[in-house]
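Single-structure report; data block below.
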Number of protein chains: 2
Amino acid sequence: MFMESTDIRERRRPGARKDPEADRLILETAHRLLRELGYDRLTMDAVAREAGVARTTVYRRYKDKADLVSAAIDTLRMPARRSSSGDVRRDLVAQLDSVRRNYGVSLAGTLLMEEPYNPRLLELFRERMVTPQRGIVAETIRHGIERGEIRPDVDVERILDLLLGAFFAAVFAGGRPGPDWPEAIIDALWPALAARQARRL
Amino acid sequence: MFMESTDIRERRRPGARKDPEADRLILETAHRLLRELGYDRLTMDAVAREAGVARTTVYRRYKDKADLVSAAIDTLRMPARRSSSGDVRRDLVAQLDSVRRNYGVSLAGTLLMEEPYNPRLLELFRERMVTPQRGIVAETIRHGIERGEIRPDVDVERILDLLLGAFFAAVFAGGRPGPDWPEAIIDALWPALAARQARRL
DNA sequence: TTTTTACGCTACGGTCTGTAGCGCTACAAA
DNA sequence: TTTGTAGCGCTACAGACCGTAGCGTAAAAA
């Protein structure tokens with residue numbers, strides 16, 4: 001006979017459980033402060049205080065600030081806006097406007113700055129936000145190619161650089177651009193995308 | 001008669017002079033560390049130490065870190081590369097490659113993050129770097145229009161957003177791009193710029 | 001000489017990070 | 001029930017960084 005004490009199923013260790021409510025509050029607070037403040041200005045103290053727990057409770061779950069922020073980034077989700085209005089041009093304008101309205105410059109910027117010291121953070125951000133974002137736009141472009149609205153020989157990755165980067169350049173040059181900006185960008189880029197060379201009005 | 005003591009020419013005040021050598025060393029060190037580290041990771045202590053002066057000597061010249069960094073940004077100068085190879089397309093590739101090789105992502109990024117707290121820093125950066133940078137490219141484009149190589153109805157500001165922003169998008173997506181990248185970007189954008197619709201090979 | 005200023009130094013209060021240890025409580029095993 | 005383990009909140013701490021204050025000393029003008 002075998003002793004039941006060596007049961008393969010993990011025997012629950014003694015002692016109190018980590019409060020799942022605290023888990024949730026800490027992660028949600030970190031997520032919010034990360035979006036509001038970026039990496040640098042998020043403080044462990046503020047997370048603990050606004051989550052209503054002691055600072056040490058945060059450190060019991062995450063070994064340091066980078067670890068906490070990693071977990072918070074991991075909960076970021078790019079809303080998969082499958083935009084299929086039937087008009088590629090309009091889809092692109094809508095997607096660019098979504099970037100314009102929602103993109104967290106603080107977060108993106110600080111993670112980029114932290115890259116030499118905490119490469120994992122930017123890596124995660126790419127995985128969760130940048131790559132999905134590019135994927136959505138790429139899909140729209142490929143959709144346009146299939147339907148003959150976009151020339152088939154475009155360099156999709158470079159078009160993504162141009163389109164999505166334009167937002168950063170605009171912010172740098174003069175702050176977050178206005179609501180007319182996305183359409184102006186697509187107008188300017190369109191001849192590089194359009195399958196048929198439409199004459200201007 | 002008027003008393004000569006109210007002489008308009010400033011009477012030199014008594015006491016020791018501020019060491020001009022210290023002036024120079026502090027500003028040069030701040031400039032260098034700013035480019036290497038960005039705003040956040042530049043510390044007053046490191047500036048003082050590497051300039052070989054006491055920390056208080058720095059504070060006697062600049063009231064705080066933002067003040068010192070402002071002065072350092074003020075010494076940034078965009079090298080006015082008047083590129084006139086006679087070929088607009090090649091000029092644009094060269095200018096984009098200059099951005100690719102030289103652009104300080106740390107500096108730009110951290111200043112952008114500091115904007116809500118120290119708007120003056122980003123302002124100065126725009127004045128010294130962003131605006132001149134855009135000006136150079138804009139001039140190249142207008143030059144191309146005059147010579148009939150670029151369509152006259154382009155939205156120059158939006159083209160600048162697209163061109164210069166592409167660099168940021170590329171960095172975000174996967175790190176500083178390689179030497180072939182600038183040409184690929186111009187290739188991708190060219191149909192939106194070219195006056196005559198050249199058929200692809 | 002007297003006064004004013006720069007310099008380097010030390011010390012301080014404040015914020016932030018990350019660690020250690022204290023009572024107390026919750027929970028599982030003996 | 002007793003015993004051992006672990007979470008929680010709290011306080012204290014070392015270390016980095018910011019910005020300020022005051023000291024003795026040296027330099028420069030009145």
Side-chain angles (χ1 to χ4, degrees), chain A residues 3-7 9-27 29-30 33-34 37-72 110 113-114 117-118 121, chain B residues 3-7 9-27 29-30 33-34 37-72 110 113-114 117-118 121:
Chain A
M3 297 177 66
E4 291 185 341
S5 60
T6 58
D7 197 342
R9 293 176 306 169
E10 82 290 342
R11 302 260 305 283
R12 200 175 169 193
R13 305 208 314 285
R17 294 309 83 139
K18 279 199 175 73
D19 186 353
E21 183 66 7
D23 289 358
R24 193 181 61 77
L25 282 169
I26 290 168
L27 204 51
T29 306
L33 293 182
L34 189 59
L37 304 173
Y39 183 83
D40 282 306
R41 290 194 122 90
L42 172 145
T43 69
M44 299 300 266
D45 197 76
V47 171
R49 189 167 8 91
E50 300 195 22
V53 302
R55 208 156 55 89
T56 46
T57 300
V58 179
Y59 278 104
R60 272 186 201 100
R61 287 163 171 73
Y62 306 97
K63 71 179 240 291
D64 55 21
K65 182 170 162 177
D67 194 28
L68 169 61
V69 171
S70 288
T110 48
M113 303 312 102
E114 279 296 307
Y117 313 96
N118 289 101
L121 298 179
Chain B
M3 297 175 67
E4 292 185 339
S5 62
T6 58
D7 195 344
R9 294 176 306 168
E10 82 290 343
R11 302 259 303 284
R12 199 177 171 191
R13 306 208 312 284
R17 294 306 83 144
K18 277 199 177 72
D19 186 353
E21 183 66 8
D23 288 359
R24 193 180 62 78
L25 282 170
I26 290 169
L27 203 52
T29 306
L33 292 182
L34 188 59
L37 304 173
Y39 183 83
D40 281 307
R41 291 193 123 89
L42 172 145
T43 71
M44 299 300 266
D45 196 76
V47 171
R49 189 167 8 91
E50 300 195 22
V53 300
R55 209 157 56 91
T56 45
T57 299
V58 178
Y59 278 105
R60 274 186 199 99
R61 287 162 171 75
Y62 306 98
K63 71 179 241 291
D64 56 19
K65 181 170 162 177
D67 194 26
L68 170 61
V69 170
S70 288
T110 49
M113 303 313 101
E114 279 296 308
Y117 312 96
N118 291 99
L121 298 179

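What you see below is based on every heavy atom in this structure, not just the backbone, and it leaves out hydrogens, waters and symmetry mates.
Ala72(B) and Leu27(B) get closest at one heavy-atom pair: N-CD1, 4.0 Å. The two atoms that bring Leu42(A) and Leu34(A) nearest to each other are CD1-N, 3.6 Å, heavy atoms only. A pairwise comparison of heavy atoms in Ala30(B) and Leu68(B) identifies CB-CD1, 3.7 Å as the closest pair.
Listed pair Arg60(A) / dC10(D) fails the phosphate criterion, with no side-chain N or O lying under 4.0 Å from OP1 or OP2.
Checked options Val47(B), Thr43(B), Asp45(B); the residue passing with Arg55(B) is Asp45(B) (criterion: side chain to side chain contact (heavy atoms under 4.5 Å, CB included)).
In this entry the distance linking CD1 of Ile26(A) with P of dG7(D) reads 12 Å, nearest Å. Atom NZ in Lys18(B) sits roughly 16 Å away from atom C1' in dA26(D) (whole-Å rounding). When rounded to the nearest whole Å, the span between CD of Glu21(B) and C1' of dA27(D) equals 17 Å. One can place CG of Leu25(A) at 12 Å from P of dC8(D), the figure rounded to the nearest angstrom. Rounding to whole angstrom units, CD of residue Glu114(B) and C1' of dC18(D) are separated by 13 Å. Look at CG on Asp64(B): it is 14 Å from C1' on dC17(D), rounded to the nearest Å. Between the OH atom of Tyr59(B) and the P atom of dG13(C) there is a distance of 17 Å, given to the nearest Å. Whole-Å rounding puts the Asn118(A) CG to dG18(C) C1' distance at 14 Å.
Applying the side chain to side chain donor-acceptor pair (under 3.5 Å) rule to pairs touching residues 61-72 of chain A yields Asp23(A)-Arg61(A), sequence neighbours excluded.
The side chain of Pro14(A) lies closest to dT5(D), out of dG19(D), dT5(D), dT17(C). Taking every side-chain heavy atom of Thr56(A) into account, dG21(C) is the closest of dC8(D), dG21(C), dC7(C). Which of dC7(C), dG4(D), dG19(D) sits closest to the side chain of Lys65(B) comes down to dG19(D).
Contact of Arg55(B) with dG19(D) (side chain to base): a donor-acceptor pair of N or O atoms is detected under 3.5 Å.
Place Val53(A) and Arg17(B) on DNA chain D by their nearest nucleotides, and Val53(A) ends up nearer the 5' end. Two residues, Gly15(B) and Ala16(A), neighbour DNA chain D, and the one matched to the more 5' nucleotide by heavy-atom proximity is Ala16(A).
Annotation: side-chain contact (heavy atoms from CB on, under 4.5 Å) contacts of Asp40(A) (sequence neighbours excluded): Thr110(A), Glu114(A), Asp40(B).
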### Message
Using side chain to side chain contact (heavy atoms under 4.5 Å, CB included), reason through Tyr59(A) and Met44(A) one step at a time and then give a plain yes or no.
### Response
CA-CA 9 Å; Tyr59(A) 278 104; Met44(A) 299 300 266; 3.5 Å; yes
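Of the residues in residues 38-48 of chain B, Leu42(B), Thr43(B), Met44(B), Asp45(B) come within less than 4.0 Å of DNA chain D through at least one heavy atom, sorted by number.
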